[in-house]
Number of protein chains: 2
Amino acid sequence: MSDQGSLRSTLHQRGMRMTPQRQLVLDAVRELGHATPEQVCRRVQGTASTVNITTIYRALDLLEELGLVRHTHLGHGAPTYSVEEHEHVHLACHRCGTIDEVSTELLDDLCRDLLARFGFALDATHLALSGTCRNCRNADAAEERR
Amino acid sequence: MSDQGSLRSTLHQRGMRMTPQRQLVLDAVRELGHATPEQVCRRVQGTASTVNITTIYRALDLLEELGLVRHTHLGHGAPTYSVEEHEHVHLACHRCGTIDEVSTELLDDLCRDLLARFGFALDATHLALSGTCRNCRNADAAEERR
DNA sequence: ATAATTGCAAACAATTTGCATTCAG
DNA sequence: CTGAATGCAAATTGTTTGCAATTAT
């Protein structure tokens with residue numbers, strides 16, 4: 001599902017079109033992995049230099065509404081967009097800023113729990129968990145010892 | 001720990017002071033629960049009308065650095081600040097925007113897992129989990145049936 | 001005195017809006 | 001033709017910076 005054709009028809013049902021701009025934005029997000037609107041814009045402009053950043057924002061919103069892309073607030077600043085496909089969880093260290101990706105399989109139990117207890121269907125794709133990574137914990141421990 | 005006095009002395013060790021503005025910001029965050037810098041500002045200005053929003057930002061940064069408050073990106077827009085104290089997890093429905101709070105105890109297993117497998121110490125306070133709440137799932141199911 | 005803190009204005013970054021133009025059905 | 005989509009400029013929102021004036025030690 002959600003291949004080229006079905007996307008076209010989903011849009012068509014809503015009286016919308018799959019324009020070159022929207023396709024380029026989707027491609028850019030696919031290729032870049034995690035990218036801010038700014039970065040997507042630069043990428044798209046590599047191919048079609050006249051595309052305006054406003055269009056990028058509008059396309060990202062639309063694609064997100066259609067469930068094709070997703071945004072996450074990793075650090076501060078601008079959010080990053082990525083395709084819904086590759087499911088993973090971010091481990092963001094708030095000490096050094098490193099971001100690791102691990103499988104969503106980790107969350108399976110939690111998912112089940114939330115559904116059973118609260119009727120809440122967790123969207124496990126692209127979750128960002130913040131904490132302290134091994135390195136920083138070691139560094140802290142060393143600090144402590146002094 | 002981290003009562004009035006120890007805060008004062010923590011600051012003092014760093015050659016800083018507990019100013020009225022900072023106290024008001026901390027109080028506001030305490031009272032408001034989850035608030036954007038803007039909201040904190042309005043609250044503080046209710047008591048001390050001349051306090052500038054710049055000061056709010058600076059105080060929030062400082063208080064966060066001291067581990068007294070914490071910010072989370074709930075919806076889009078501005079982040080919300082809240083006191084570190086009451087540990088809980090947010091269940092944010094991306095359909096209707098409702099935000100529920102549940103105990104962090106839910107995450108105990110996940111915490112253990114992350115630490116054992118990745119050496120990652122999850123900060124479970126104030127995690128936001130996005131997904132679909134019971135109501136919206138029911139609504140969707142009803143839609144489906146038609 | 002001296003160093004921290006504040007308020008203010010201005011800069012800056014990220015995002016949104018209004019509107020005239022273009023484009024596809 | 002008509003409505004959807006775009007580009008552009010301007011407006012808005014959220015946040016940061018530089019600096020002079022104020023305040024506590």
Side-chain angles (χ1 to χ4, degrees), chain A residues 7-29 34-66 68-81, chain B residues 7-26 28-29 32 34-66 68-81:
Chain A
L7 174 51
R8 279 202 118 70
S9 48
T10 306
L11 285 168
H12 195 260
Q13 282 165 18
R14 302 206 195 187
M16 297 171 170
R17 290 185 313 250
M18 189 57 190
T19 63
Q21 287 89 334
R22 286 171 180 170
Q23 186 63 56
L24 286 169
V25 168
L26 181 53
D27 291 348
V29 174
H34 293 280
T36 62
E38 198 68 38
Q39 293 170 319
V40 171
C41 188
R42 278 201 293 277
R43 179 83 177 206
V44 167
Q45 288 179 341
T47 309
S49 63
T50 67
V51 177
N52 193 276
I53 190 148
T54 306
T55 304
I56 307 290
Y57 277 105
R58 290 194 276 228
L60 287 172
D61 280 355
L62 177 63
L63 293 172
E64 183 158 42
E65 208 184 306
L66 296 175
L68 288 170
V69 307
R70 191 158 208 357
H71 82 268
T72 318
H73 289 274
L74 300 174
H76 281 213
T80 61
Y81 286 78
Chain B
L7 173 50
R8 279 202 119 71
S9 49
T10 307
L11 285 168
H12 196 259
Q13 282 165 18
R14 302 205 193 188
M16 297 171 170
R17 291 186 311 252
M18 189 58 190
T19 63
Q21 287 88 333
R22 287 171 179 169
Q23 187 63 59
L24 285 170
V25 168
L26 180 54
V29 173
L32 294 170
H34 293 281
T36 61
E38 197 68 37
Q39 294 171 320
V40 172
C41 187
R42 278 201 293 278
R43 179 83 177 204
V44 168
Q45 289 179 342
T47 309
S49 63
T50 67
V51 177
N52 193 275
I53 187 144
T54 306
T55 304
I56 306 292
Y57 277 105
R58 292 194 274 228
L60 287 172
D61 280 355
L62 176 65
L63 293 172
E64 184 157 40
E65 208 185 307
L66 296 176
L68 289 170
V69 308
R70 192 160 204 356
H71 82 268
T72 319
H73 288 274
L74 299 175
H76 281 214
T80 60
Y81 286 78

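The shown structure was predicted, so the numbers you read here are calculated from the model rather than taken from an experiment. Side-chain atoms are counted along with the backbone in the values below, which use heavy atoms only and exclude waters and symmetry mates.
In this structure, A/Thr50 reaches the sugar-phosphate backbone alone: every heavy-atom distance under 4.0 Å involves primed, P, OP1 or OP2 atoms, never a base.
As rounded to whole Å, 13 Å separates atom P of D/dA4 from atom CG of A/Leu62. The CD atom of A/Gln13 sits 21 Å away from the P atom of D/dG3 (whole-angstrom rounding). Atom CD of B/Gln45 is separated from atom P of C/dT6 by 14 Å (rounded to the nearest Å). Remark: P of D/dA5 and CD1 of A/Ile56 are 16 Å apart, rounded to the nearest angstrom. Here D/dA4 presents its P atom at 13 Å from CG of A/Leu11, a figure rounded to the nearest Å. Atom CE in B/Met16 sits about 10 Å away from atom C1' in C/dT5, given to the nearest Å. Atom CG in A/Leu60 sits roughly 13 Å away from atom C1' in C/dA14 (whole-Å rounding). The separation between A/Gln21 atom CD and C/dA24 atom C1' is 13 Å, rounded to whole Å.
Looking at B/Thr36, its side chain does come within 3.5 Å of a backbone N or O of B/Gln39 through a donor-acceptor pair. Not one N or O on the side chain of A/Gln21 forms a donor-acceptor pair closer than 3.5 Å with the backbone of A/Ile56. A donor-acceptor pair under 3.5 Å is formed between the side chain of A/Arg22 and the backbone N or O of A/Arg17.
Between A/Thr55 and D/dG7, a side-chain N or O to OP1/OP2 separation shorter than 4.0 Å is present. The side chain of B/Thr19 places no N or O atom within less than 4.0 Å of a non-bridging phosphate oxygen (OP1 or OP2) of C/dA4.
For the ring-ring contact (aromatic ring centres under 6.0 Å, His included) criterion with B/Tyr81, the lone passing option out of B/His71, B/His34, B/His73 is B/His71. The only option from A/Thr19, A/Thr55, A/Leu63 that meets the side-chain contact (heavy atoms from CB on, under 4.5 Å) definition with A/Val25 turns out to be A/Leu63.
Nearest-nucleotide assignment on DNA chain C puts the 5′-proximal partner with B/Arg14, out of B/Asn52 and B/Arg14.
Contact annotation: the side chain of B/Leu32 never approaches that of B/Thr80 to less than 4.5 Å [non-hydrogen atoms, C-beta and beyond].
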**Q.** Nucleotide-resolved protein contact map, nucleotides 12-25 of chain D, B/S/- at heavy-atom distance under 4.0 Å
**A.** --SBBBB-----S-
